Structure formats: C-alpha cells, structure tokens
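Read through the structure below, which is laid out as structure tokens, and then see the notes.
Here, residue 1 is the first one in the sequence, and each next residue gets the next number. None of the values given here were measured: they were computed from a predicted structure.
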Amino acid sequence: MRKKIYLVLVFLLALSVIFSGIKLFLILQEYYHGNKVYETIKNTALVEIEEKNVIIDFKKLLEENKDVQGWLYSEDTKINYPVVKGSDNSFYLYRLVNKEINGKGSLFIDYRCQNDFRGFNTIIYGHHMKDGSMFASLEEYKNKEYYKKHREMQLITPEERYCVKIFAAATLRSDSILYKWDFKDKEEKRNYIKKIRKDSYIKTDIEVTTKDKIIMLSTCAYDYDNARFVVFGKLTKGSEANKT
C-alpha cells in the first residue's frame, strides 16, 4: 500500500512539473510573439531616431491601426511603443497594437480622456511585464539616480511633438482619486497638482500650472494588493510638429 501511495505521489509530482513547464513555455512563447509584433511595428512606422528625436511615419502606422493616438519613447529603456485608444479600457488590455490577443497588451489611453491629449490630464495604461517590456521600467523612478538619467520622454502625435518632463512618481491604489480626467475648474487642478507632488518619490523644480497639459503613466505594482505605480509628466511642445 505504501509503495502504491508513493508511486501515485511521484506521478502527481511529475504531472505538476510537466504542467508548470508547459505553462512557462506558453508564457515565454506569448512574450516572444508579442515582442516580435512590436518590433515589426517599429520597423514599419519608426523611420529613425535623429539626434535623439524619434521620427514616426504616422501614415503607415494609421494604416495598421486607426486607434493609434501617438508614440511614446524613453531613451535607453524599452519604452518605445505606439499608444492607442479604444472604446473602453478592456479592449487593449490584452490586445497588441494589431488587435491580436496577447498578454502584453498595448499602451492605451483611458477611453474617458480627450483625444489628442487636449485634456488637462491624459491617463495611459501599460502592463508591468516580467521581461522588462511595456511599462515595467516605470517603477525605476523610485530611484533618484534613475530619474536624473531619465528626466524626459518623447510623445509624438500626428500633429505635434512633445517633450514629456517627468515631475512626479508614486505608488497608488487602483481606486485612487488621482485617476482623474475631468476637472471642473482651476482650483480643482491646483489641488490635484499639489496632491501629486505630496505623494511623489521624486522632488523636482518643474513648474506645472493649471494651463499645462500632463500625462499620467500607470502600471501594476506589487507593494500591496491592487497597487499601481504611476509617473507624471508635463507636456511641452517641441520646436516643430512631426509632419512625417
């Protein structure tokens, strides 16, 4: 009887190992495929990086997907992706920019935000992938030395080129009041800016006013249940719009 129980346990353990191996293989295969899709998109739409400025062929990019709103780039990181916007916050959560189902998902704008980054605050979501892709590197902004080397990003749209000046980073709950896209007046905007700075890991001298446009980059964090890590940046228009 003991021998039979031992053999059953060994069999179950072997099944568990095989199942875990298959699951890991499928995850890695999905990661690999997602990376290949984004590399293809970069080869299609990213014309070049000229003097650290990203040049995007939006004509080709919009032919691939009309939901594309822009392109986000952070030098020396893996953040170099198109940004899309769906009719809700579920569609692109687990769909690539080509709309194929994949765990990597896309960088996508909260559907309640205004198009073309016209609102005071535009929220952009992205997964915190274990292979370091998508928005995984955002959490590095907890480190002041990392911030010193990555003070800015680039956001390019069909009409404009923005410098994204990072001015705050924080860990929040997924239901935090900072996930806000609608503001009734200047006073509400001023209080919002104060709250952002109060909870921030980094302290900067970047001036942010109620007349500015900002973006909130959000990804999962693992500090506690339903934690999110967010980075805030002020949009400053470049010397000329991207007319490619």
Under 3.5 Å donor-acceptor, [X] side chain and [Y] backbone:
X      : Y      : result
Asp212 : Phe120 : no
Thr44  : Thr40  : yes
His127 : Leu93  : yes
Tyr192 : Thr210 : no

Tell me the closest heavy-atom pair linking [X] and [Y], and the distance in Å.
X      : Y      : result
Ala168 : Ser200 : CA-OG, 3.3 Å
Gly233 : Val164 : CA-CG1, 3.7 Å
Ile202 : Ala169 : CG1-N, 4.0 Å
Glu188 : Asp182 : OE1-O, 4.3 Å

**OP:** Applying side chain to side chain contact (heavy atoms under 4.5 Å, CB included), run through Val37 and Glu100 and close with a yes or a no.
**Re:** CA-CA 9 Å; Val37 169; Glu100 182 179 350; 4.3 Å; yes
Just to verify, which of [options] counts as forming a side chain to side chain contact (heavy atoms under 4.5 Å, CB included) with [X]?
X      : options                : answer
Tyr73  : Ile56, Ile79, Asn80    : Asn80
Tyr141 : Phe232, Tyr201, Tyr146 : Tyr146
Ile193 : Lys195, Arg190, Arg197 : Arg197

Evaluate the side-chain proximity of [Y] to [X]: yes if any heavy-atom separation is below 4.5 Å, no if none is.
X      : Y      : result
Trp181 : Asn121 : no
Val230 : Leu178 : no
Phe167 : Asp205 : no
Gln69  : Thr157 : no
Phe108 : Asp88  : no
Glu64  : Lys60  : no
Met216 : Asp110 : no
Leu72  : Gln154 : no

**OP:** Report yes or no: is the cationic atom of Lys180 (NZ for Lys, CZ for Arg) closer than 6.0 Å to the six-membered ring centre of Phe183, at no more than 45° off its axis?
**Re:** yes
Would you give the length of the straight line joining atom [atom1] of [X] to atom [atom2] of [Y], rounded to the nearest 0.5 angstrom?
X      : Y      : atom1 : atom2 : result
Tyr125 : Cys220 : OH    : SG    : 11.5 Å
Lys213 : Asp116 : NZ    : CG    : 12.0 Å
Arg118 : Thr122 : CZ    : OG1   : 9.5 Å
Met134 : Met129 : CE    : CE    : 7.5 Å
Ser106 : Ile109 : OG    : CD1   : 11.5 Å
Lys165 : Met153 : NZ    : CE    : 15.0 Å

**OP:** Just do the side chain to side chain donor-acceptor pair (under 3.5 Å) check on Tyr81 and Ser74 with the steps written out, would you?
**Re:** CA-CA 9 Å; Tyr81 301 107; Ser74 177; over 6 Å; no
**OP:** Check whether more than 12 heavy atoms from other residues, nucleotides or ligands sit under 6.0 Å from atom NZ of Lys184, and answer yes or no.
**Re:**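 Result for NZ/Lys184: open.
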Subject >> Lys234 NZ: over 12 foreign heavy atoms closer than 6.0 Å >> reply: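 Yes, because the 6.0 Å sphere around NZ of Lys234 holds more than 12 heavy atoms from other groups.
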Give a yes-or-no answer on whether the side chains of [X] and [Y] include a donor-acceptor pair shorter than 3.5 Å.
X      : Y      : value
Asn35  : Lys104 : yes
Lys85  : Asn115 : yes
Asn65  : Tyr92  : yes
Ser218 : Tyr179 : yes

**OP:** List the steps, then state whether side chain to side chain contact (heavy atoms under 4.5 Å, CB included) holds for Tyr147 with Thr204.
**Re:** CA-CA 10 Å; Tyr147 167 70; Thr204 74; 3.1 Å; yes
**OP:** Evaluate side chain to side chain contact (heavy atoms under 4.5 Å, CB included) for Leu96 paired with Tyr38, printing each intermediate quantity in order.
**Re:** CA-CA 8 Å; Leu96 304 172; Tyr38 281 114; 3.6 Å; yes
Subject >> Same apolar cluster (I L V M F W Y, side chains within < 4.5 Å links), Val68/Tyr111 >> reply: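 In one cluster with Val68: Tyr111, no.
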**OP:** Please list, chain by chain and in numerical order, all residues satisfying side-chain contact (heavy atoms from CB on, under 4.5 Å) with Lys66, sequence neighbours excluded.
**Re:** none
Distance-only donor-acceptor pairs under 3.5 Å for side chains of residues 221-228, two or more places apart:
residue, atom, partner, partner atom, Å
Asp223, OD2, Lys142, NZ, 3.1
Tyr224, OH, Leu172, O, 3.4

**OP:** Tell me, with the steps shown, if Thr219 and Glu139 meet side chain to side chain contact (heavy atoms under 4.5 Å, CB included).
**Re:** CA-CA 8 Å; Thr219 193; Glu139 202 164 17; 5.8 Å; no
Subject >> Lys42/Glu39 ion pair, N-O < 4.0 Å >> reply: yes
